[in-house]
Amino acid sequence: MLETASQALAERGWWLGTDAVDMDLVDDLRTDLDQLRDNDELERAGIGRDLDFQLAERVRGDRIHWLSRGSDAQARLLAQMESLRQTLNESLFLGLFEFEAHYAHYPPGSFYRRHLDSFRGAANRIVSAVIYLNDDWRDGDGGELVLYAESGDEVLATIAPKAGSMLLFLSEELPHEVLPARRDRFSIAGWYRLNASIGNQIDPAR
Ligand code: OGA
Ligand code: MN
């Protein structure tokens, strides 16, 4: 599966695996995320490094929590993403250095307008990964991720955020958006980054 993923990334810039994450792990991640919500540990997402939340609200309405190895479910997912990092580096010579990711909760009515995850030349986010945590997502629930071709409005794929799916795509090349969700929508969004350290100062991850 990992080999197929790197091949698809190289050839067309994106890959979708519908059973990429074990259901046991998906359940544990959802339980973990529900607990974080109960404890008020999600924060409004910003855009870019300067957080202008009023502007951000018109662009994206999700609430996020950055993953760490502090919880068992998060550590298991990060371990899986680490194997994938190694496979991508071995087959595509990408030199991916680290993976950062956050949980995201999109309340009903929220969306994320069309955007790119990284600007070419920023040498920052190279491969985006999105993992979905929603059981029984139905047609009509909205919240699809629409992936666009690099230039123009051609739609490459419209992806329902179904539990166990993982989407990978090239961060600098493919614009995408999250359509308004009609029910609570849960995902993990993450990025494989290059080591953008200058001198001996490590580039801050966020
Ligand atoms: C993002 C993003 C997509 C999703 O957080 O940058 O595009 O489906 N998320 O949650
Ligand atoms: Mn994005």
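The first residue in the sequence is number 1, and the count goes up from there. As the structure lists them, so they are numbered: ligands from 1, and atoms in each ligand from 1. In this text the structure is predicted, and so the values were computed from the model without any measurement.
Using a 4.0 Å cut-off to heavy atoms of Val178, the atoms of ligand 1 that qualify are 3 (C), 4 (C), 8 (O). Of all atoms in ligand 1, listed by their number and element, those nearer than 4.0 Å to a heavy atom of Tyr106 are 9 (N), 10 (O). Those atoms of ligand 1 with a heavy atom of Val130 less than 4.0 angstrom away are 4 (C), 8 (O), 10 (O). Near Trp191, the atoms of ligand 1 lying under 4.0 angstrom from a non-hydrogen atom of the residue are 6 (O). Atoms of ligand 1 lying under 4.0 Å from any heavy atom of Ser187, numbered from 1 in the order shown and given with element: 10 (O). Contact atoms of ligand 1 toward Tyr132: 4 (C), 8 (O) (distance under 4.0 Å to a heavy atom of the residue). Atoms of ligand 1 lying under 4.0 Å from any heavy atom of Ala189, numbered from 1 in the order shown and given with element: 5 (O). Ligand-side atoms of ligand 1 in range of Leu145: 3 (C), 4 (C), 8 (O), range being under 4.0 angstrom from any heavy atom.
Residue-level proximity to ligand 1 for Asp62 is absent, since no heavy atom of it falls below 4.0 angstrom. Residue-level proximity to ligand 1 for Arg185 is carried by the side chain, the only part with a heavy atom below 4.0 angstrom.
The shortest N/O to N/O separation between His176 and ligand 1 falls below 3.5 Å. Residue contacts with ligand 1: His115 is placed with a nitrogen or oxygen under 3.5 Å of a nitrogen or oxygen of the ligand (distance criterion only). In terms of polar-atom proximity, His102 is not counted as a contact of ligand 1, lacking any N or O under 3.5 Å from an N or O of the ligand. Looking at Tyr112 next to ligand 1, no N or O pair under 3.5 Å apart turns up.
Listed by chain and residue number, the protein N/O/S atoms under 2.8 Å of the Mn ion (ligand 2) are His115 NE2, Asp117 OD1, His176 NE2, with waters left out.
Looking at heavy atoms from C-beta onward, Val178 lies in side-chain contact with Arg185 at the 4.5 angstrom threshold. Using a 4.5 Å heavy-atom cutoff, the side chains of Leu147 and His176 are in contact. Side-chain contact between Arg76 and Asp28 is present, with at least one heavy-atom pair separated by less than 4.5 Å.
Both Leu67 and Val26 belong to a single network of hydrophobic side chains, linked directly or stepwise wherever heavy atoms of I, L, V, M, F, W or Y lie under 4.5 Å apart. Tracing side-chain contacts under 4.5 Å through hydrophobic residues (I, L, V, M, F, W, Y), one never reaches Trp137 starting from Leu145; they form parts of separate clusters.
Minimum heavy-atom separation, Leu25 to Ala73: CD1-O, 3.7 Å. Here the closest non-hydrogen pair linking Asp117 and Arg125 is O-CD, 3.5 Å.
Other residues, nucleotides and ligands contribute only 12 or fewer heavy atoms inside 6.0 Å of the CG atom of Asp19. For Arg12, the CZ atom is densely surrounded, since the number of other residues' heavy atoms within 6.0 Å is greater than 12. For Asp139, the CG atom sits in a loose shell: 12 or fewer heavy atoms of surrounding residues, nucleotides or ligands are nearer than 6.0 Å.
Between Trp191 and Trp66, the ring planes lie tilted relative to each other; the angle falls in the 30° to 60° range.
The only member of Asn89, Leu88, Thr87 that meets side-chain contact (heavy atoms from CB on, under 4.5 Å) when paired with Arg85 is Asn89.
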